[in-house]
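Shown next, in structure tokens, is the structure this report addresses.
Sequence lines set the chain letters: A, B, ... in the order given, protein chains first and strands last, and positions in each chain run from 1. Just the heavy atoms: all of them, side chains too, but no hydrogens, waters or symmetry mates, feed the values below.
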Amino acid sequence: MKKPPEEKPRVIDNSKNYSFFENVWEVVRKIPKGRVSTYGAIANYLGTRSSARMVGWAMNASFSVKPKVPAQRVVNRNGMLTGKIHFATPTLMEELLLKEGITVKNEIIVDFKKIFWDPNVELI
DNA sequence: AGTATGACTCATT
DNA sequence: AAATGAGCCATAC
């Protein structure tokens, strides 16, 4: 058995069976195309807003996970593509976002506030 | 097993 | 307003 059918991610009990990372990936996959979220928002959704670093860590591990995790839709709270350097190429993240209709200028997402997707609000 | 590091964020100075 | 320090906790060494 790979993993039991998930019920409601909401507040996750990241104690044992469910790893913190898997929860992060699940939430990130739910980010609609053309929208973006932040590490902090995801961390907050998982229960601890201070664990934003772990979200970033989970993204680093997300490259070897399937289905693919749209890591390019996760940026820091300023809308800055801080994680681009971790992609295959430093420009890949921006390219992917651009293909989704998101404009990136100087490594900052334009109209970031408008396309910001907060799991706490949208993903009830 | 202990220390160091990180795709972050917030409060304080 | 910009800079600094602290909190956070899972991996890596």
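Counting only distance, with no hydrogens or angles, the side chain of A:S51 and the backbone of A:M54 share no donor-acceptor pair below 3.5 Å. No side-chain donor-acceptor contact under 3.5 Å links A:N78 to the backbone of A:M80. At distances below 3.5 Å, at least one donor-acceptor pair connects side-chain atoms of A:S37 with backbone N or O atoms of A:W117.
Atom C1' of B:dA7 sits at a distance of 22 Å from the matching atom of C:dA3, rounded to the whole Å.
Here the C1' atom of nucleotide B:dC10 and the CG atom of A:N44 are 13 Å apart, to the nearest Å. Rounded to whole angstrom, the span from the CG atom of A:N60 across to the C1' atom of C:dA10 amounts to 12 Å. Atom-to-atom, CE of A:M54 to C1' of B:dA7 comes out at 11 Å; the value is rounded to the nearest Å. Protein atom CD1 of A:I42 is 16 Å distant from nucleotide atom P of B:dA7, rounded to whole Å. For A:E22 and C:dA10, the CD to C1' distance is 15 Å, given to the nearest whole Å. The interatomic distance linking A:R53 (CZ) with B:dT9 (P) rounds to 10 Å, in whole Å. Across the protein-nucleic acid pair, A:L46 atom CG and C:dC9 atom P stand 12 Å apart, rounded to whole Å. Per the geometry, CD1 belonging to A:I31 stands 18 Å off P belonging to B:dA7, to the nearest Å.
The phosphate of C:dA10 (OP1 or OP2) has no side-chain N or O of A:S51 nearer than 4.0 angstrom.
Considering only heavy atoms from C-beta on, A:V74 comes within 4.5 Å of A:I31 through its side chain.
Residue-to-nucleotide proximity on DNA chain B shows that, of A:W57 and A:T38, the 5′-proximal contact is made by A:W57.
When heavy atoms are screened at a 4.0 angstrom cut-off, A:A71 is found touching base atoms of the nucleic acid. Base engagement by A:F87 is indicated by at least one non-hydrogen atom pair under 4.0 Å involving a base atom.
Each of B:dT9, B:dA7, B:dG6 was ranked by its minimum atom distance to the side chain of A:N76; first place goes to B:dT9.
Salt-bridge formation is not detected for the pair A:E100/A:R35: no Lys NZ or Arg NE/NH1/NH2 atom is positioned less than 4.0 Å from an Asp or Glu carboxylate oxygen.
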